[in-house]
Structures are given as structure tokens and as C-alpha cells.
Amino acid sequence: MEPIAVPATDATGGPPRGRRTPRRLRSLLALLISACVVLPLSAAARPRIPAPAPADLPPITATTLEAAYAANRANAARAARMAEAHGDRHRAAADRALAAPARRLLAFDGRGTGLVTEVFGDLAHADHVAVLVPGSDTTLDTYGRFRATATALQHQLAERESESTRVAVVAWLGYETPGTVSTTVLTTGRADEAAPRLGEFVRLLRTLTGPRAHLSLLCHSYGSVVCARSAARGAPVADIALLGSPGAGAGSAAALRTSARIWAARGGTDWVADVPHVEADLFGTTVGFGTDPVSPAFGARVFAAGDGGHSDYFTPGSICLANLARIVLGDTSEVTRA
């Protein structure tokens with residue numbers, strides 16, 4: 001989950017076409033120009049970190065899960081040694097933490113900004129599975145923050161878990177997230193690339209858990225664009241929650257053409273409420289993500305998220321976290337509506 005930032009740094013979503021204003025368009029253009037200057041400088045400031053190619057895994061099934069976890073841990077340990085030799089102690093520490101014996105890594109790629117999919121709980125026997133999809137600036141270097149959201153949800157669900165209700169949580173950093181200050185964070189490009197991967201992963205979960213398991217996508221910030229794109233491509237999930245969303249890249253929940261229930265929430269002090277909600281064509285590129293997901297025009301099931309900010313949706317003890325647990329467990333009648 002990306003850190004709290006100023007309003008113009010995440011993506012911008014928007015209301016229906018035809019409600020554009022010149023001032024907002026100028027603001028978006030200014031962001032694009034700034035990003036074009038800042039991004040090359042920031043990219044050049046840090047050399048590429050060496051890492052091994054991902055582990056060569058057999059097809060993942062319920063019986064090969066433990067072998068996959070072990071192979072990915074070994075790969076992370078190798079990546080840690082390579083990063084240490086390269087002089088990047090921060091990345092080495094992040095990789096080393098992922099290589100710990102207790103970690104359940106369903107996927108790991110230490111190259112570049114890095115990719116990792118981590119499981120919390122017994123995935124092969126879960127009745128309810130929540131997949132968390134992060135927003136901008138989530139990488140191996142910042143993965144600890146994203147992991148904390150998954151463990152918070154896991155603990156919340158554990159309070160309601162029983163012998164007849166088994167749950168698992170998956171932290172899916174399965175795509176290269178856009179930088180907070182970049183042109184990519186204002187368009188659907190990264191989401192379009194990520195959506196097929198997320199859909200493929202959800203279908204893998206279906207083979208592991210069986211058709212009766214209740215699968216949910218919990219999508220934060222730019223991750224909500226990824227989830228919406230994946231839903232539109234037919235990802236087989238029951239519920240999709242858009243949290244602190246700049247827009248879903250669609251004019252309405254119905255436009256996603258999914259059978260999943262679409263939920264949306266925004267904290268009372270989340271700065272996403274103040275970003276320009278527009279969709280515009282600039283130099284042949286569509287900037288912005290359509291209708292505000294918590295607006296009546298979008299048509300999502302809007303639920304209470306409390307007074308938290310952009311990074312507070314999984315805060316332990318919060319009404320938002322309690323509602324997310326209810327959605328994951330299918331207790332939709334208990335969700336506190338906004």
C-alpha cells in the first residue's frame with residue numbers, strides 16, 4: 001500500500017464524460033509534464049539490482065504447494081545474496097525476510113522492482129480467499145507495508161474463523177505498479193498489462209480451492225483499476241472491493257459486465273476525494289479513470305470506511321477492516337453501509 005501523499009500524486013479518476021473543465025485538464029497536463037521530467041531522473045539515480053530468474057516450478061496444485069513455497073524461498077535467499085554483493089543492503093534485507101522458513105511464497109521474482117505473491121493461511125483447504133491488490137509505489141523495497149495490510153486482515157478473519165469456515169489471504173504483488181510521480185499512474189496502461197495476470201491467478205486459485213470457495217478481490221488505489229480491468233475480462237470472483245479508488249476505468253459498476261458484487265469505500269480524510277475526477281484525451285492518451293466509485297452514479301455498494309486516510313483501510317480495529325472481513329466471509333447483510 002503506498003504511503004500517504006499529496007492529492008496530485010496518485011491517479012485521477014472522474015465523473016461521466018461531458019463534465020470536464022479546462023482548469024482540471026490543465027492540472028492533469030501539468031502532472032504529465034512534471035512526471036516526464038522527474039521520472040527519468042529518479043530512474044537514473046538507482047542502478048538495476050541483479051537477481052536470479054524466477055524458480056522453475058512444476059504446475060501448481062494442492063499437492064505441490066509446499067514445494068512451490070520452498071522453491072520460491074530458496075530463490076529469494078539467492079536474490080538476497082546477489083543484492084548484498086551488489087551493495088544494496090535494503091533490497092537484500094527485503095529478500096532475506098521473504099526467504100524466512102515460515103513464509104509461503106506462491107511466486108517470487110527479485111528482478112527490477114520485484115514481484116511476489118504471499119499466502120497467509122491454508123490455501124488448499126480454504127472456503128474463503130481474499131486477494132489483496134496494491135496501488136502505486138508497491139515494490140519489493142516497500143513490500144513490508146503491503147504485507148502488513150494482509151496480516152491485519154488475516155488476524156481480523158481469524159477471530160471469526162471456525163472448523164466450518166476456513167480462510168486464507170493472499171498478498172498479490174503480481175504486476176509492476178506505477179510510480180507515484182509518473183505518467184503511468186494517470187493512465188490504465190499498467191492496469192491493462194496486469195489484468196490478464198490477475199485473471200490467470202484467480203483461475204489458478206479456483207483450481208486449488210475448488211468451485212465452491214468464495215473468492216474476493218480487495219483493491220487499493222490504482223489497484224482498483226487493475227481489479228476492474230480483470231473483472232471486465234471475466235475473473236471468476238464473488239466480490240470486488242474498491243478502496244480509496246481514483247476510478248475504475250469505467251463509467252459504472254454495470255459497465256464492468258461482471259457477476260461479482262462491486263463494493264466501494266473511501267475514508268473521511270482520504271485525499272483521493274480531492275483529485276480531479278475527469279477523463280480526458282491528451283495527445284492520444286486517455287488520462288483519468290471515469291466515474292468516482294463512491295458516487296451514486298457509479299452504482300457500487302458503498303460501505304462505511306470511517307474517518308481514515310488513504311493508507312488506513314486495513315487499520316486494526318477500524319470499521320473498514322471489519323466490513324472487509326464481512327465481505328470476504330460472504331456476510332454481506334452485516335456490512336455497514338455508508
Short N-O contact, Glu118 and Arg104, less than 4.0 angstrom
no
Parallel, tilted or perpendicular: which describes the rings of Trp263 and Phe303, with under 30° parallel and over 60° perpendicular?
perpendicular
Closest heavy-atom pair, Leu140 versus Asp95, reported as atoms and distance to 0.1 Å, is CD1-OD1, 3.6 Å
With a 4.0 Å cut-off, would you call Asp331 and Arg160 a salt bridge?
yes
What verdict does the side-chain hydrogen bond (donor to acceptor under 3.5 Å, both in side chains) test give for His310 and Ser221, after you've listed the backbone C-alpha separation in whole Å, the side-chain angles of each residue and the deciding distance to 0.1 Å?
CA-CA 8 Å; His310 194 59; Ser221 197; 3.0 Å; yes
Would you check if there is a donor-acceptor pair between the side chains of Asn323 and Arg326 at a distance under 3.5 Å?
yes
Please answer whether the main-chain N or O of Thr188 pairs with a side-chain N or O of Arg229 as donor and acceptor at a distance below 3.5 Å.
no
Between Thr113 and Thr139, is any side-chain donor less than 3.5 angstrom from a side-chain acceptor?
no
Do Arg190 and Thr177 have side-chain atoms, one donor and one acceptor, less than 3.5 Å apart?
no
Between Arg266 and Asp292, does any NZ, NE, NH1 or NH2 come within less than 4.0 Å of an OD or OE carboxylate oxygen?
yes
Can Asp122 and Arg166 be counted as an ion pair, charged N to O under 4.0 angstrom?
no
Salt bridge or not for Glu84 and Arg96, using N-O below 4.0 Å?
yes
Using a 3.5 Å distance criterion without hydrogens, assess whether the side chain of His86 forms a donor-acceptor pair with backbone atoms of Met82.
no
